[in-house]
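Quick notes on the structure that follows.
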Amino acid sequence: MKRYSHRFLGSLLPVLLVACSTDPGINGEPGTGSTNGSGKGGKGGSGGSSVPGGSLGFGDPKASMPTVRGGASGGTDPLNTGEGKACALEKFELERNPPELLLVLDRSGSMTSKDARLTSRWVETTAALDATLKATENVVSWGLKMFPTPGMGNCGVGPGVEEDVRPANYMMVFGRINAVATAPAGNTPTAAAITAGTAYLKTRTTKNPKFIVLATDGEPNCEILNPGASGRAAAVAAIDAAAVAGYKTYVIGIATAGSNASTTLDQMADAGQTPRMAMPRYYPVNTRQDLIMVLNTIAGQISSCVFPLSKAPPSMNAAVKIDGVIVTKDPANGWSYGAGDKSIQLNGTSCERLRSAQKADVSITFACPGVIID
């Protein structure tokens with residue numbers, strides 16, 4: 001496994017920097033603040049900022065201060081907290097916490113189909129899950145939600161999950177998948193399953209980044225959440241709502257190549273904000289080896305490219321850089337916030353760039369609203 005050196009703006013520890021103190025020479029006169037950032041702010045020059053003065057709290061302010069220009073005017077509350085607090089430097093240490101993956105697994109009757117194989121979709125899928133969950137349980141915390149819920153009829157989906165998300169959870173999750181009572185049966189209530197999974201993730205208070213992995217073989221065909229609407233539209237809406245709540249969804253299509261479900265799966269992948277950078281947009285798999293590869297790819301991506309924060313950032317004005325080059329805020333190929341703004345994720349090509357590098361310096365800088373960070 002490749003190791004990455006995550007050095008944030010010259011610090012030996014990965015940190016987030018909130019840059020709102022006046023740096024001598026940024027188009028204005030230096031402030032007269034004390035070391036705690038409570039002093040008087042300097043006067044802003046042409047195009048500059050007038051913000052509270054004071055030391056950055058470590059080293060030489062000029063050595064650590066990122067370049068900022070324009071933006072907020074002077075005062076005691078440039079972060080707009082409404083509490084009269086000075087805008088001073090803060091730093092947050094980042095740690096790699098195991099991501100949490102809720103597997104939302106289709107156990108509808110069509111999963112018994114053998115297609116051109118000697119074994120069914122269900123057998124191929126469970127074999128792949130056996131291998132992948134075992135191999136990744138030390139780097140990913142897995143949980144399980146199946147649909148329809150065993151014992152609840154063709155379109156029934158109960159609240160909660162079959163297995164809670166927790167570390168080293170291979171035995172519990174796979175044991176539930178492999179139980180006789182969970183043999184495939186019923187229809188495909190995708191929307192209800194995603195909605196229940198999203199509600200469950202909202203109850204978790206860990207700061208670990210959280211994701212949904214949807215593995216399904218067909219078109220959603222239950223409309224129990226919105227009678228009269230199509231199962232397709234309801235599923236896309238449910239996945240979109242999960243992403244808005246901060247839980248992105250990876251969509252895996254099992255033996256769906258050339259089927260009517262492909263268009264719907266593409267729409268769901270786009271709504272989940274984790275589409276492939278190719279067609280189809282979802283992850284197509286036809287064999288257990290395909291599924292093993294895809295699941296390992298997903299697990300590797302989120303464990304390499306997600307940076308949990310100890311708390312929500314004080315300002316949404318942020319710049320993320322890889323090796324000094326700014327990364328665009330973009331859920332497809334740039335960076336984005338996770339649930340509750342308590343993590344930062346590199347997506348698509350930005351994540352691939354980080355993962356493929358032998359060494360990469362990643363910096364995340366926060367500034368007062370309106371300040372431009374170069």
Side-chain angles (χ1 to χ4, degrees), residues 101-117 119-129 132 145-148 154-155 157 184-195 197-198 211-226 229-243 247-298 301 331-333 347-349:
L101 272 178
L102 179 63
L103 174 63
V104 179
L105 180 61
D106 184 352
R107 55 169 292 276
S108 62
S110 58
M111 289 290 284
T112 62
S113 173
K114 293 185 178 180
D115 301 318
R117 292 183 297 268
T119 55
S120 70
R121 297 173 184 175
W122 184 253
V123 169
E124 291 289 290
T125 299
T126 54
L129 289 170
T132 305
K145 176 67 181 179
M146 290 189 287
F147 65 101
N154 288 338
C155 286
V157 174
N187 295 329
T188 312
T190 309
I194 293 293
T195 299
T198 302
F211 300 86
I212 295 171
V213 174
L214 169 64
T216 181
D217 77 329
E219 186 90 2
N221 58 6
C222 293
E223 299 81 40
I224 57 176
L225 289 182
N226 186 10
S230 72
R232 173 190 305 169
V236 172
I239 290 173
D240 180 68
Y247 313 117
K248 298 180 180 180
T249 299
Y250 290 86
V251 178
I252 300 173
I254 302 168
T256 56
S259 73
N260 293 332
S262 294
T263 299
T264 301
L265 292 171
D266 277 342
Q267 293 172 350
M268 292 195 292
D270 286 333
Q273 298 185 12
T274 57
R276 296 194 320 141
M277 296 299 106
M279 295 302 293
R281 307 281 279 167
Y282 67 94
Y283 289 86
V285 299
N286 290 304
T287 67
R288 70 182 67 182
Q289 291 304 319
D290 290 344
L291 183 53
I292 289 171
M293 182 178 67
V294 165
L295 288 170
N296 281 323
T297 295
I298 292 171
Q301 177 174 325
N333 288 304
N347 308 302
T349 55

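Values reported hereafter were calculated over all heavy atoms of this structure, with side chains retained and with hydrogens, waters and symmetry mates removed.
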Have Thr188 and Thr190 got a donor and an acceptor in their side chains that come within less than 3.5 Å? no
State, with a plain yes or no, whether a side-chain heavy atom of Leu295 is found less than 4.5 Å away from one of Leu129. yes
Testing the basics here: between Ala235 and Pro220, what is the closest heavy-atom pair and its distance to 0.1 Å? CB-CG, 3.7 Å
Min side-chain heavy-atom separation Leu105-Phe147 under 4.5 Å: no
Are Asn154 and Cys222 packed together at the side-chain level, in the sense that at least one heavy-atom pair is separated by less than 4.5 angstrom? no
Got a second to check how far Ile194's CD1 is from Asp240's CG, nearest 0.5 Å? 12.0 Å
Report the distance from atom CH2 of Trp122 to atom CG of Asp106, rounding to the nearest 0.5 Å. 8.0 Å
Does Gln273 form a side-chain contact (heavy atoms from CB on, under 4.5 Å) with Asn347? I'd like the steps, not just the answer. CA-CA 9 Å; Gln273 298 185 12; Asn347 308 302; over 6 Å; no
Distance from Asn333 atom CG to Met277 atom CE, nearest 0.5 Å? 5.0 Å
Does some side-chain heavy atom of Ile298 sit less than 4.5 Å from a side-chain heavy atom of Ile252? yes
Shortest non-hydrogen contact from Gly272 toward Lys248: O-CB, 3.3 Å
Non-neighbouring partners of Arg121 that pass side chain to side chain donor-acceptor pair (under 3.5 Å), sequence neighbours left out: Asp115, Asp217
Quick one, Glu124 and Asp290 - any side-chain contact, counting heavy atoms below 4.5 Å? no
If you round to the nearest 0.5 Å, how far is CG of Leu214 from OG1 of Thr249? 7.0 Å
Step by step, work out the side-chain contact (heavy atoms from CB on, under 4.5 Å) result for Val123 and Lys114. CA-CA 9 Å; Val123 169; Lys114 293 185 178 180; over 6 Å; no
For Asn296, which residues count as a side chain to side chain contact (heavy atoms under 4.5 Å, CB included) partner, sequence neighbours excluded? Thr132, Thr136, Ile292
All heavy atoms of Ala238 vs all of Thr195, minimum pair found to be CB-OG1, 3.7 Å
To the nearest 0.5 Å, atom OH of Tyr283 lies from atom OG1 of Thr274 at 6.0 Å
Taking all non-hydrogen atoms of both residues, which atom of Cys155 and which atom of Pro189 are closest, and how far apart? O-CB, 3.7 Å
With sequence neighbours left out, what residues match Tyr282 under side chain to side chain donor-acceptor pair (under 3.5 Å)? Thr256, Ser262
Can you name the side chain to side chain donor-acceptor pair (under 3.5 Å) partners of Asp270, sequence neighbours left out? Arg281
Looking only at heavy atoms, what is the nearest atom pair of Leu265 and Gly253, with distance? CD1-CA, 4.0 Å
Return the set of residues passing salt bridge (Lys or Arg N to Asp or Glu O under 4.0 Å) with Arg276 (not counting sequence neighbours), or none when no residue passes. none
Partners passing side chain to side chain donor-acceptor pair (under 3.5 Å) against Gln267 (at least two apart in sequence or in another chain): none
At what distance, to the nearest 0.5 angstrom, does OG1 of Thr198 lie from CD1 of Ile239? 9.0 Å
Could you tell me which non-hydrogen atom of Ser108 sits nearest to which non-hydrogen atom of Pro184, and how far apart they are? O-CB, 3.3 Å
